[in-house]
Protein chains: 2
Amino acid sequence: MRLKELALHLGLSQTTVSRALNGYPEVNEETRRRVLDAARRHGYQPNANARRLATGRAGAIGIVLPTDRNMLLDPHYMEFQAGLGETLLADEIDIVLSPTRGSDEMATYRRMAVGSRVDGVVLSSPLIADDRVRLLTELGLPFVLHGRTESPVAHAWIDIDNEGAFRHATKHLIDLGHRRIGLVNGETRFTFARDREAGFRSALAARGIAVDERFVASGVMSDEIGYRITERFLCETPRPTALLVSSMMMSLGAFRAIRAAGLELGRDVSMIAHDDVFPFLNPDVMVPTMSTTRSSIRAAGKRVGELLKELVEGRAAETIHELWPVELVVRASTGPAPDG
Amino acid sequence: MRLKELALHLGLSQTTVSRALNGYPEVNEETRRRVLDAARRHGYQPNANARRLATGRAGAIGIVLPTDRNMLLDPHYMEFQAGLGETLLADEIDIVLSPTRGSDEMATYRRMAVGSRVDGVVLSSPLIADDRVRLLTELGLPFVLHGRTESPVAHAWIDIDNEGAFRHATKHLIDLGHRRIGLVNGETRFTFARDREAGFRSALAARGIAVDERFVASGVMSDEIGYRITERFLCETPRPTALLVSSMMMSLGAFRAIRAAGLELGRDVSMIAHDDVFPFLNPDVMVPTMSTTRSSIRAAGKRVGELLKELVEGRAAETIHELWPVELVVRASTGPAPDG
């Protein structure tokens, strides 16, 4: 049924029907209800705004962004948001980016829940102990967590196997003869970084290799921090012969530090970096090509959007637990341990 | 004055004052008004949510995203949004990303205006003829246009001097002896691409050089389209000796096509690309380094956010016209025209 037929059927003008479907204030409540009912009965496909009125939903999902950490400048978050948008925008669901100062975070979520401004929220970058899960559960605001946190409350989450990825990568370096392996990690207050460190340590422990704590470091996943940490590692005697790096951004800095020390990547120092699959940072076209643990953060964002829609439509949160495996892609930045 | 003192002064509990400031429904309207008045009188700095209630503003700005063109996957848009977020998030202003199908675009803006869901909107990527300016002016919804469009209605805009940038770059190539110069442009329905083409043509005309229309092409500003257009240009006899390219993304593809044809960038073919300053695509570290016309799109986003705030606070739209000059940065991808 088309708009014209729907209007004819109701004995209303097309303009009135269209206005009713789009929530214009000129149309009174009774007429709007009549139009929406008829549209539903006759299978008329109204646009997102009309669906919103019909279902009583906000047609929006919320993301709270801490102002002390501009996530819109973080390429990891932006790739995630691109994937999320791919799902939500296709379904004409708004995304509300809501900034908050650290101390107001609970009030911001509460405002979202109380005002019915959003139907659900996405939680990113969970801390090992993260209060947001308990808070949102109490508020009854549906959410999907991207990552994991320690919480007694059942909730929806999707994560990649960070521990398995770094265990696998470390084991590969050990198999190549490396014994002094450094870890250039993300901030360890986040679960993903803790999990990667656990994978690194368990692979070394499994082969009876003691961890040299001078070669374990973490920080913001930027080019600059990657450079600084690696520069420091390479000043030690003997220096590490291989590095595990938590992001491609950090690996760019690590690579610069290796070159600045007059060393050759893939011969003097091996490196495996975690690749979130950024469109303009392709490990295949780097020279030398970069070995990686690979999982598309954009694909994760897309899936979070799908799961959040299912959750809002009634799927039980405790049935949503997805742990994605991570590939190890061996390229030219890894080679046998140098002699000595 | 702090929350404790404000509560004492009002004879209310701190919890009630805090709830009133944050719009909790448990607090009745009269109490809320009393609290907000006292907070204002005594210079208490409430958080963004309380300010929102006090000013009657939504505390949000809107961006309508066409679903047929996923702008969240477009690095140019994402850099712009990062800059915008830098301003707005610091001021605790929400950003509402609102998807729309092409035919519903007017309804989406109307919904934003009528529902008072946002205080203003940002318009990106204007077409040469863009209906949005007239529509938003009629709706009375404040907006800042990033770019320019032909419109009789006075409105706020900020743009870079695209015509001047490409005129300057073309003139530089002519000065190096190039006569067969190709243009790898963005989609010409957008004003920025039309302006760049105008600059290119006017520089050639000023020196009496006829434009070879086989060497003028445009498309989506991606690596892939850059490759395809350049590949086609290089099949012509004689081929162009220099290229102007509308984005760094396209220049990556153009560079691959030059190499694939067995040619050397900066010797057989010169190139100047427009650089929006992407954090992980630095023309200084490319081999050879890339000559560019440079203007940070993130800085533009930041400025749009500032201007939109001023507009919402009452600044007249017709006083907001900013045209930013663009630098020409000469690096190793440009050299003298080869003989023949």
Side-chain angles (χ1 to χ4, degrees), chain A residues 18-19 21-25 47-50 52 59-60 62-63 65-67 70-75 78-79 81-86 88-101 103-104 107-108 110-111 114-115 117 222-223 248-249 252 256 278-281 285 287 298 301, chain B residues 18-19 21-25 47-50 52 59-60 62-63 65-67 70-75 78-79 81-86 88-101 103-104 107-108 110-111 114-115 117 222-223 248-249 252 256 278-281 285 287 298 301:
Chain A
S18 168
R19 286 189 170 161
L21 289 170
N22 286 290
Y24 284 34
N47 66 13
N49 191 25
R52 206 164 272 145
I63 301 176
L65 300 176
T67 50
N70 190 346
M71 286 160 69
L72 298 186
L73 292 178
D74 179 344
M78 291 311 264
E79 268 299 296
Q81 193 193 288
L84 188 70
E86 214 174 320
L88 299 179
L89 269 52
D91 265 39
E92 301 181 63
I93 294 169
D94 286 357
I95 300 175
V96 179
L97 303 175
S98 207
T100 189
R101 283 177 291 184
S103 54
D104 291 338
T108 304
R110 185 175 283 271
R111 169 164 67 93
V114 168
R117 294 171 61 226
S222 67
D223 176 288
M248 288 292 287
M249 302 302 144
L252 294 179
R256 278 195 294 120
F278 299 103
F280 304 103
L281 194 46
V285 303
V287 183
R298 184 185 293 179
Chain B
S18 169
R19 287 190 169 159
L21 289 171
N22 286 290
Y24 285 32
N47 64 15
N49 190 26
R52 207 162 272 145
I63 301 176
L65 300 176
T67 51
N70 191 345
M71 285 159 69
L72 298 185
L73 293 177
D74 179 344
M78 291 311 264
E79 268 299 296
Q81 193 193 286
L84 188 70
E86 214 174 319
L88 299 178
L89 268 53
D91 264 39
E92 301 181 62
I93 294 170
D94 286 356
I95 300 175
V96 179
L97 303 175
S98 207
T100 190
R101 286 177 288 183
S103 55
D104 291 340
T108 304
R110 186 175 282 272
R111 170 164 67 91
V114 168
R117 294 171 63 226
S222 66
D223 176 288
M248 288 294 286
M249 303 302 146
L252 294 179
R256 278 195 294 119
F278 298 103
F280 303 104
L281 193 47
V285 302
V287 184
R298 184 186 292 179

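Keep in mind that this is a model prediction, so the values were computed, not measured. Heavy-atom basis, side chains included; hydrogens, waters and symmetry copies ignored. Every chain is numbered from 1 and lettered A, B, ... according to where its sequence line falls, protein lines coming before strand lines.
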Legend entry - Heavy-atom pair count under 4.5 Å with chain B, highest-scoring of Leu281(A), Val96(A), Val287(A):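 Heavy-atom pair counts peak at Val96(A).
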
Legend entry - Top contributor to chain B contacts, counting heavy-atom pairs under 4.5 Å, from Leu84(A), Leu89(A), Val285(A):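 Among Leu84(A), Leu89(A), Val285(A), the one with the most close pairs to chain B is Leu89(A).
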
Does any part of the side chain of [Y], heavy atoms only, come nearer than 4.5 Å to the side chain of [X], both counted from C-beta?
| X | Y | value |
| --- | --- | --- |
| Thr108(A) | Glu92(B) | no |
| Arg117(B) | Asp94(A) | yes |
| Leu72(B) | Met78(A) | no |
| Leu73(A) | Glu86(B) | yes |

Inset, instruction - Enter the distance from Leu65(A):CG to Ile95(B):CD1 here, rounded to the nearest 0.5 Å. - result: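 Between atom CG of Leu65(A) and atom CD1 of Ile95(B) there are 8.0 Å.
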
Inset, instruction - Examine whether an atom of Leu252(A) lies under 4.5 Å from a heavy atom of chain B, and if so say whether it belongs to the side chain, the backbone or both; otherwise answer neither. - result: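 Only the side chain of Leu252(A) comes within 4.5 Å of chain B.
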
Inset, instruction - Give, as side chain, backbone, both or neither, the part of Pro279(B) having an atom under 4.5 angstrom from any heavy atom of chain A. - result: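 Answer is neither: Pro279(B) stays 4.5 Å or more from chain A.
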
